[in-house]
Amino acid sequence: MSKQPEMKTITMNQLKAQVEGEPRFSRWYEIDQSRIDKFADVTEDWQFIHVDAQRAAKETPFGGTIAHGFLSLSMLSAMSYETEAKLEGIAMGINYGFNKIRFTSPVKAGQKVRGKFTTLKVDEKSPTNILTTTKIEVEIEGEKRPALMAEWLGLTILEKGADA
């Protein structure tokens, strides 16, 4: 099993400078049938559009199976380890949720996706709690429309007395 990459560290000023700045891109991830099947098993969502290639080809407009929308969404964790930095003085980071999530285009089995991350807002809730809002697009290689668009909230808890 692979270990997640080590995230780089940035200062509060560097984090704030990212607001509305250049997007950050992850590598491309292949969403093959094996990954889709494993996700179906973990989530117990075996709807035929995900796991039955022959039936999906015959009964859907997709020409075959497609990934679960939640599989595309769950890939954000891996993608963020490649694109996002941890704030100096961090004690922990918490997935705080989403303002919006829209599944805008299906990911067909065998396609590749990558994350596009743009910092929208950095809100200092307290001296040790920083709430970051990040615009997310999961792009599908070769397609104009993304698989999903979302606003992801991340709560950074700083160590007491940290100068970030």
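Below, each value reflects all heavy atoms present in this structure, side chains not excepted, and no hydrogens, waters or symmetry copies.
- Ile36 contributes atom CD1, which lies 8.5 Å from atom NE2 of His50 (distance to the nearest 0.5 angstrom).
- Taking the ring axis of Phe39 as reference, the NZ or CZ atom of Arg35 does not stay both within 45° of it and closer than 6.0 Å to the ring centre.
- Residues satisfying the side-chain hydrogen bond (donor to acceptor under 3.5 Å, both in side chains) criterion with Lys144, sequence neighbours excluded, are absent altogether.
- Both Phe98 and Leu71 are part of a single hydrophobic cluster, where members link through side-chain heavy atoms under 4.5 Å apart.
- Residues satisfying the side-chain contact (heavy atoms from CB on, under 4.5 Å) test with Arg102, not counting sequence neighbours, are Thr104.
- For the pair Lys86 and Ile10, the minimum side-chain heavy-atom distance is 4.5 Å or more.
- Between Lys100 atom NZ and Ile136 atom CD1 the span is 13.5 Å, to the nearest 0.5 Å.
- Taking OG1 from Thr128 and CD from Glu159, the interatomic distance works out to 11.0 Å, rounded to the nearest 0.5 Å.
- Proximity of Glu143 to Gln111: side-chain heavy atoms (C-beta onward) are separated by under 4.5 Å at one or more points.
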| field | Candidate pair Glu84 and Met7, rule side-chain contact (heavy atoms from CB on, under 4.5 Å), full reasoning | value | CA-CA 7 Å; Glu84 303 308 280; Met7 296 173 80; 4.0 Å; yes
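- Under a 3.5 Å cut-off, the side chain of Glu82 and the backbone N or O of Arg27 do form a donor-acceptor pair.
- Note on Lys121 versus Glu151: no salt bridge recorded, every NZ/NE/NH1/NH2 to OD/OE distance being 4.0 Å or above.
- Within the 4.5 Å cutoff, side-chain heavy atoms of Ile130 are placed close to those of Thr132.
- If you take OG1 on Thr11 and CD on Gln14, they are separated by 3.5 Å, rounding to the nearest 0.5 Å.
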Which donor-acceptor pairs under 3.5 Å do side chains of residues 54-70 form with protein atoms, sequence neighbours excluded?
residue	atom	partner	partner atom	Å
Arg55	NE	Glu59	OE1	3.1
Arg55	NE	Glu59	OE2	3.2
Thr60	OG1	Ala56	O	2.5
Thr60	OG1	Phe62	N	3.3
Thr65	OG1	Gln33	OE1	2.4
His68	NE2	Asp45	O	3.0

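- Each of Tyr96 and Ile90 belongs to its own hydrophobic cluster when Ile, Leu, Val, Met, Phe, Trp and Tyr are linked at side-chain heavy-atom distances under 4.5 angstrom.
- Taking Lys125 as the reference, Asp123, Asn129, Leu131 meet the side-chain contact (heavy atoms from CB on, under 4.5 Å) condition, with sequence neighbours excluded.
- Side-chain contact between Val122 and Val19 is present, with at least one heavy-atom pair separated by less than 4.5 Å.
- Side-chain atoms of Asp37 and Trp46 include no donor-acceptor pair closer than 3.5 Å.
- For the pair Val51 and Ala40, the tightest heavy-atom approach, listed with the atom from each and the gap, is CG1-CB, 3.7 Å.
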If you look only at distance, which donor and acceptor atoms sit under 3.5 Å apart when one is on a side chain in residues 112-120 and the other is two or more places apart or in another chain?
residue	atom	partner	partner atom	Å
Arg114	NE	Glu139	OE1	2.7
Arg114	NH2	Glu139	OE1	3.1
Thr119	OG1	Gln18	OE1	3.1
Thr119	OG1	Arg24	NH1	3.4
Thr119	OG1	Arg24	NH2	3.0

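- Residues Glu141 and Tyr29 bring no donor and acceptor atom of their side chains to less than 3.5 Å of each other.
- The side chain to side chain donor-acceptor pair (under 3.5 Å) with Trp152 is formed by just one residue from the set Asn95, Thr133, Thr134; it is Asn95.
- A continuous path of Ile, Leu, Val, Met, Phe, Trp and Tyr side chains, each step under 4.5 Å between heavy atoms, connects Met79 with Ile101, placing both in one hydrophobic cluster.
- Every side-chain contact (heavy atoms from CB on, under 4.5 Å) that Ile94 has, sequence neighbours left out, goes to Met92, Leu155, Ile157.
- The closest side-chain heavy-atom distance from Ile140 to Ser105 is below 4.5 Å.
- Met149 and Phe103 fall into different hydrophobic clusters, where Ile, Leu, Val, Met, Phe, Trp and Tyr are joined by side-chain heavy atoms under 4.5 Å apart, directly or via other members.
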